[in-house]
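One structure below.
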Amino acid sequence: MPCVCASVPIANHANLGISVGTDVMRWSIIVPLLNEAANIPYLTEHLIESGADQVILVDGGSTDGTRELLQTVPNHFSVLHSDAGRARQMNAGATKAIYPMLVFLHADSRLPMNAEESLNRCTSWGRFDIEFDDMSISMRIIAFFINLRSRLTGIATGDQALFMTREVFDQVGGFPVQPLMEDIEISKRMKRLFKPLCSRQRVRTSARRWQQHGVIRTVLKMWWYRFAYWCGVSSHRLKRHYDDTR
């Protein structure tokens, strides 16, 4: 099911947490963390500037000093600790969210300026386009095909900063607690109910894993995992393979 950017009639907005008259969606941003000490100062600065009404940071048991650095973040940030696992951390953060739109951001990603423009148009769920902090031709090509694939299939990845209303999040039961592909799985579940809003605003994310492991190798590896998951291989089995080949 392809993505759309259509809005529903204003009469439905009251049920989705949008303020009729001002048409402004208030939103909570949830960031799962694991050993992100080097990233915390830059992440904190970005979150302050993001315009989010609530910031929730969820540490999954970091051992690199992240927990200590979280004691220095602004007082209005909420800091939680949970068991490791991105799905568990994001679900834990969602339990503390008080606003009707939930935005899930990876620690090495940055929202576009004026992200609320897309959030205000969203009546169910959606994602942003992606670009990398490495603007080489190869990474631009990869970003182009990630965005195209997502737009054609209606499936999004966590790097694209998934966003959804509280109603939709609750309706699909939150992120499935699995070690890999939780973003793919929740996208599939939400897509059965609603068409996603595919924003052309761009999240900028780190190209570090591509740089560390090589572009071609990383592309082939990601394709293999997605194909295997599509064929029914369990996320737990894929995670064991992933850990064995790191």
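All of these numbers come straight from a predicted model, not from anything done at the bench. We're numbering straight along the sequence, starting at 1.
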Find the distance between [atom1] ([X]) and [atom2] ([Y]) and round it off to the nearest 0.5 Å.
X    : Y    : atom1 : atom2 : answer
R166 : I98  : CZ    : CD1   : 10.5 Å
D134 : T205 : CG    : OG1   : 12.0 Å
L162 : T157 : CG    : OG1   : 7.5 Å
I29  : D53  : CD1   : CG    : 11.0 Å
F169 : M190 : CZ    : CE    : 9.5 Å
E185 : L180 : CD    : CG    : 12.5 Å

Inset, instruction - Using the side-chain contact (heavy atoms from CB on, under 4.5 Å) rule, take F104 and F163 through it: C-alpha gap first, then chi angles, then the decisive distance, then the call. - result: CA-CA 6 Å; F104 297 92; F163 50 87; over 6 Å; no
Does the [X] side chain pair with the main chain of [Y], one donor and one acceptor, at a distance under 3.5 Å?
X    : Y    : value
D83  : G60  : no
D64  : A37  : yes
E116 : G51  : no
D183 : G158 : yes
D108 : S206 : no
N91  : F175 : yes
T66  : E36  : yes
Q54  : K96  : yes
Q89  : L33  : yes
D59  : P32  : no

Could you tell me which non-hydrogen atom of [X] sits nearest to which non-hydrogen atom of [Y], and how far apart they are?
X    : Y    : value
L102 : A97  : CD2-CB, 3.4 Å
Q201 : S118 : OE1-OG, 2.5 Å
A92  : V58  : CB-CG1, 4.4 Å
A156 : R127 : CB-CG, 3.6 Å

In terms of hydrophobic clustering (I, L, V, M, F, W, Y; side-chain heavy atoms under 4.5 Å; direct or indirect links), are [X] and [Y] co-clustered?
X    : Y    : result
V55  : Y99  : no
V103 : V73  : yes
V79  : L105 : yes
F77  : L111 : yes
V31  : I48  : yes

Flag the pair [X] / [Y] as yes when at least one side-chain heavy-atom distance between them is below 4.5 Å, and no otherwise.
X    : Y    : value
T44  : P74  : yes
E49  : M113 : no
V172 : I186 : yes
I146 : F132 : yes
L57  : S78  : no
R204 : S109 : no
D159 : V203 : no
M101 : C122 : yes

Legend entry - Criterion side-chain contact (heavy atoms from CB on, under 4.5 Å) on V168 and F194, from CA distance to verdict: CA-CA 9 Å; V168 171; F194 305 101; 3.7 Å; yes
Legend entry - R67/H81 under side-chain contact (heavy atoms from CB on, under 4.5 Å): CA gap, chis, key distance, verdict: CA-CA 9 Å; R67 292 171 68 95; H81 300 280; 3.3 Å; yes
Legend entry - Evaluation steps, salt bridge (Lys or Arg N to Asp or Glu O under 4.0 Å), between E117 and R121: CA-CA 7 Å; E117 293 178 5; R121 291 189 291 118; over 6 Å; no
Legend entry - R151/D129 ion pair, N-O < 4.0 Å: yes
Inset, instruction - Please say which of S150, S187, C198, S199 ends up in a side-chain contact (heavy atoms from CB on, under 4.5 Å) with Q160. - result: S150
Inset, instruction - Verify the neighbour count for atom CE of M135: are there more than 12 heavy atoms of other residues, nucleotides or ligands below 6.0 Å? - result: yes
Legend entry - Derivation and outcome, side-chain contact (heavy atoms from CB on, under 4.5 Å), residues L193 and Q171: CA-CA 9 Å; L193 302 174; Q171 195 166 349; 3.9 Å; yes
